[in-house]
Structure formats: structure tokens, C-alpha cells
Novice: 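The structure's right below; bear with me while I get my questions together.
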Amino acid sequence: MLRQQDVGHRIVVRRIVGIREGRPLFSDALGELVELSETHLTLATAQGPLRVPVAQVHRAKRVPPTRRPTAAAVVALERAADEAWPAPTRGRLGDWLLRSAEGWTGRANSALPIGDPDRPLAAAVDAVERWYADQGQPAMINTPLPLAAPVGAELDERGWDSRPPTLVQTAPLPLATPTHGVPAGGPRGAVVEVTTAPSDEWLAIAAGRKGGLPDAARHVLTAVDQVRFAHAYVDGTLVAIGRGAVTGPGRWLGLSLIEVLPTLRRQGLARRVIDTLVAWGASAGATHAFLQVEQHNAAAVALYRALGFTTHHTYLTRVAPH
């Protein structure tokens, strides 16, 4: 049976659609799993969304994507994502990137093992551990899959832990217009502004989500040539934020920190913020958007799927044992 880890992935479902002469009739559906609850699952299929009661599911399983991205495509997107979220302290191990930002976010405090580390794999992991020890931080490595599967196998041998999987999702611009499940306009009177720097109120909401904002966080947020910060106001109060950065020779719009105050969620504000950042990104020359979302965040995965995002690849953040 399916688990929350399957949200965002392609699945096939065999469901019971009736009974004939005392025998069940089955129908198969293929699509991306966008929601999984105790009572229903929802697929995004080629014919549109399909909501299936769990009681009708005879069998369901994950299946391979229709086409996996090439290694070069994964490397290019991972480098664009690194450029969009720049750690202030950096090092290199051959082609591998070493990143530190006072512990603020896993992405900015982990090695990115893509390319040749210019030494045997075991020696490369040893060097990563030494580098992070010198920073006074636990060693972490982000492993894009399946590209970095050999690195993952080495880390398994060493007893490294894994954080929950993260989906790296992409969509061409302009984004799709949702036909279901996504409120269009937000609360009455909502206004979204885009600025070149985050306001103090914007930073306060980001700090609440990320557990504080050390000095290194401000570098991560602002040290990009093309970056904008969306502020959504209702009656003069900041209620939602978002960040967009155009990187990867201008091709990719990276969306991050899409956050809505809990009391105003599910009213279309996240979509308004995303639409505003997409309009700016397109004007800056971006042709595609990407974002990174934790696989178990079913609500966010469903929103992004409705906007046309699909999973490009996944990654695991691996953490060295204490």
C-alpha cells in the first residue's frame, strides 16, 4: 500500500468500480500522487484529477517516471539551486561543493557531491567530515538521486542518518492555471508587492518558519544578483511572503520561503505570491521555475501540482553520526 513518502511520485492504482455476477470490476489509473489521507487518495492524471476512496483501492504502487532527467540536467539544476541559495562559507573538493551558513537550513550547510571529488569516494567523505569539523558543525551531505546513489551507499556503510526526502520540482513558465482546488484571488483587499530587499516584517515571518535568522541567513537570502521578495498584505498587515531568484544563466526561477500565516491559509494567498514572483521571473528572462518541497508536505505538493509542477528528482540530506 502507499505511504506519505509516495506523495509527489508517479503511481498506478487498481480500484474497484463495480460488481458483476458477484465479482468485482477493476479499473486502473496512472498519475502523480498529490494527496494521501486515511480516507482518500488523489492522483493528477492525463485526464485531470482523480479522487479515489481508500475503500475502493484494490492495489496501488509507485512506478518509475516516464522519463528520468539526464545526469547533466540534474547537475545543472542543482548548481542553479546552489546559486539561488548561496552559503557564505564555501569550499571545494574537486567538483564537490562544501557549504556552511551557521547551521541555517540544510541546503546551505551540506556538501553537494556532484561531479568528481578528485580522490576515491571514501577519501572524499573523510575530507567532508574534516571540513565540517573545522567549521564546528556536524557533517551533512545532500545526495541527489539517483545521481548520487554511490555516495549514499558509502554513507549507509558509515551509519549516516537520512532526513525525510525532498522533491525538486519544476514547471515551465507561464505556470498552469488551476482548474480545481486552488482559490484564485486570496482574501478581499489582498495586495502583493515585490521588493529588492526583505522588510523587517518579512524577515520576522521567515525567522518564525526557519527557527531564527543568524547573520549568515541574510547572506543566503540576499546575495544573489537577481532576487526579489514578495510581501502580501491584508488591511496593511503582512500575512504572506515568498522569495524568487533567477539563476543558472537566467533560465531558472527558484521559488522559496512561500509562507502564509496559519489563520489565512487555503485562501489563495500562496498562489498570489507565486504568481507575482513568476511574473517578475519571466520579465527577468526565466523560462522555467523550480522549488524544493519536503515529500511529506502533502498540502504544498498538491498546490504545486495544480500549478503544473512535477518532480524532476529527489534528494536526501544525510547527517553524520555523532
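What you see is a predicted model, and the numbers here were worked out from it, not measured in a lab. Only this structure's heavy atoms are used, side chains among them; waters, hydrogens and symmetry mates stay out.
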Novice: Ignoring hydrogens and geometry, is there a side-chain-to-backbone donor-acceptor pair from R158 to A122 under 3.5 Å?
Specialist: yes

Novice: Would V224 and R243 count as a side chain to side chain contact (heavy atoms under 4.5 Å, CB included) here? Give the steps.
Specialist: CA-CA 11 Å; V224 182; R243 175 182 177 272; 3.6 Å; yes

Novice: Quick one, W96 and V128 - any side-chain contact, counting heavy atoms below 4.5 Å?
Specialist: yes

Novice: Would you say that L255 contacts F290 through its side chain, given a criterion of any heavy-atom pair below 4.5 Å between the two side chains?
Specialist: no

Novice: Tell me, with the steps shown, if T317 and W160 meet side chain to side chain contact (heavy atoms under 4.5 Å, CB included).
Specialist: CA-CA 10 Å; T317 299; W160 285 46; over 6 Å; no

Novice: Nearest heavy-atom pair of G308 and A171: which atoms, and what distance?
Specialist: O-CB, 3.5 Å

Novice: List in chain and number order the residues that pass ring pair (Phe, Tyr, Trp, His ring centres under 6.0 Å) with F26, two or more places apart in sequence or in another chain; answer none if no residue qualifies.
Specialist: H58

Novice: Out of curiosity, R228 CZ to T276 OG1, how far, rounded to the nearest 0.5 Å?
Specialist: 13.5 Å

Novice: Where the side chain of H219 meets the backbone of P86, is there a donor-acceptor pair that is under 3.5 Å apart?
Specialist: yes

Novice: Indicate the atoms forming the closest heavy-atom contact of I241 with A206, along with that distance.
Specialist: CD1-N, 3.9 Å

Novice: What residues form a side-chain contact (heavy atoms from CB on, under 4.5 Å) with A108, not counting sequence neighbours?
Specialist: W85, A87, A101, T105, V220

Novice: Compare all side-chain heavy atoms of I11 with those of K61 and state whether any distance is below 4.5 angstrom.
Specialist: no

Novice: Kindly give the heavy-atom pair with the smallest separation between V17 and S27, and that separation in Å.
Specialist: CG1-CB, 3.7 Å

Novice: Donor-acceptor check, side chain of Y132 to backbone of A111, threshold 3.5 angstrom: yes or no?
Specialist: yes

Novice: Tell me if the CZ atom of R265 is crowded by more than 12 foreign heavy atoms within 6.0 Å.
Specialist: yes

Novice: Between Q169, R10, R305, which is the residue that forms a side chain to side chain donor-acceptor pair (under 3.5 Å) with T311?
Specialist: Q169

Novice: Is the F229 ring parallel, tilted or perpendicular to the W202 ring (thresholds 30°, 60°)?
Specialist: perpendicular

Novice: Please report the interatomic distance CD1(I274) to CD1(I258), rounded to the nearest 0.5 Å.
Specialist: 5.0 Å

Novice: Looking at D95 and R79, is there a salt bridge between them, counting it only when a charged N and a carboxylate O are closer than 4.0 Å?
Specialist: no

Novice: To the nearest 0.5 Å, tell me how far E102 CD sits from T89 OG1.
Specialist: 8.0 Å

Novice: In the structure I gave you, are the side-chain heavy atoms of V52 and V54 within less than 4.5 Å of one another anywhere?
Specialist: no

Novice: Does D116 have more than 12 heavy atoms from other residues, nucleotides or ligands lying within 6.0 Å of its CG?
Specialist: yes

Novice: Kindly indicate whether the side chain of H313, heavy atoms from C-beta on, has any atom under 4.5 Å from the side chain of V74.
Specialist: yes

Novice: When you group the ILVMFWY residues by side-chain heavy-atom contacts below 4.5 Å and let the links chain together, are V234 and V192 in the same group?
Specialist: no

Novice: Search all heavy atoms of I16 against all heavy atoms of P24 and return the closest pair with its distance.
Specialist: CG2-CB, 4.1 Å

Novice: Start with the C-alpha distance between T170 and H288, add both sets of side-chain angles, then the distance that settles side chain to side chain contact (heavy atoms under 4.5 Å, CB included), and finish with yes or no.
Specialist: CA-CA 7 Å; T170 63; H288 289 71; 5.7 Å; no

Novice: Between L33 and L2, is there a side-chain heavy-atom distance shorter than 4.5 Å?
Specialist: yes

Novice: Write down the atom of V273, the atom of G242, and the distance for their closest heavy-atom approach.
Specialist: CG1-CA, 3.7 Å

Novice: Does a side-chain N-to-carboxylate-O contact under 4.0 Å join R209 and E259?
Specialist: yes

Novice: When clusters are formed by joining ILVMFWY residues with side-chain heavy atoms under 4.5 Å apart, either directly or through shared neighbours, do L261 and V191 land in the same one?
Specialist: no

Novice: Under 4.5 Å between side-chain heavy atoms, counting indirect links through other Ile/Leu/Val/Met/Phe/Trp/Tyr residues: same cluster for V151 and L112 or not?
Specialist: no

Novice: Decide yes or no on side chain to side chain contact (heavy atoms under 4.5 Å, CB included) for Q226 and T247, but give the supporting numbers first.
Specialist: CA-CA 7 Å; Q226 290 183 292; T247 59; over 6 Å; no

Novice: Would a 4.5 Å heavy-atom cut-off, applied to side chains only, mark I141 and L155 as touching?
Specialist: yes

Novice: Indicate yes or no for a side-chain donor-acceptor contact from W131 to the backbone of A139 under 3.5 Å, with no hydrogens or angles considered.
Specialist: no

Novice: Is it possible for you to say whether V168 and M140 belong to one hydrophobic cluster, with membership spreading through side-chain heavy-atom contacts below 4.5 Å?
Specialist: no

Novice: Any Lys/Arg nitrogen of E294 or R163 sitting under 4.0 Å from an Asp/Glu carboxylate oxygen of the other?
Specialist: no

Novice: Determine yes or no for a side-chain-to-main-chain donor-acceptor pair under 3.5 angstrom, with D118 supplying the side chain and G94 the backbone.
Specialist: no

Novice: Between R318 and D161, is there a salt bridge with N-O shorter than 4.0 Å?
Specialist: no

Novice: What are the two closest non-hydrogen atoms of A286 and L173, and how far apart are they?
Specialist: O-CD1, 3.6 Å

Novice: From the options R107, R99, R92, select the one residue that forms a salt bridge (Lys or Arg N to Asp or Glu O under 4.0 Å) with D82.
Specialist: R99

Novice: Out of curiosity, does L145 fall in the hydrophobic cluster containing L97 (side-chain heavy atoms, cut-off under 4.5 Å, transitive links)?
Specialist: no

Novice: To the nearest 0.5 Å, what is the distance between CG (L77) and CH2 (W252)?
Specialist: 5.0 Å

Novice: Using 0.5 Å steps for rounding, measure from the OG atom of S199 to the CD1 atom of I205.
Specialist: 8.0 Å

Novice: Any side-chain donor-acceptor pair under 3.5 Å between S100 and Q137?
Specialist: yes

Novice: Under the side chain to side chain donor-acceptor pair (under 3.5 Å) criterion, do Q295 and T314 qualify, and how do the steps go?
Specialist: CA-CA 9 Å; Q295 186 170 264; T314 64; over 6 Å; no

Novice: How long is the span from the OG1 atom in T143 to the OH atom in Y315, to the nearest 0.5 Å?
Specialist: 10.0 Å

Novice: Using side chain to side chain donor-acceptor pair (under 3.5 Å), reason through H231 and E201 one step at a time and then give a plain yes or no.
Specialist: CA-CA 9 Å; H231 301 65; E201 293 81 5; over 6 Å; no

Novice: Quick check on R218: does its CZ atom have over 12 non-hydrogen neighbours (other residues, nucleotides or ligands) under 6.0 Å away?
Specialist: no

Novice: Is D235 atom CG crowded by more than 12 heavy atoms from other residues, nucleotides or ligands, each under 6.0 Å away?
Specialist: no

Novice: State, yes or no, whether a side-chain contact exists between V227 and V246 at a heavy-atom distance under 4.5 Å.
Specialist: no

Novice: Are R130 and D126 ion-paired here, with the side-chain N under 4.0 Å from a carboxylate O?
Specialist: no

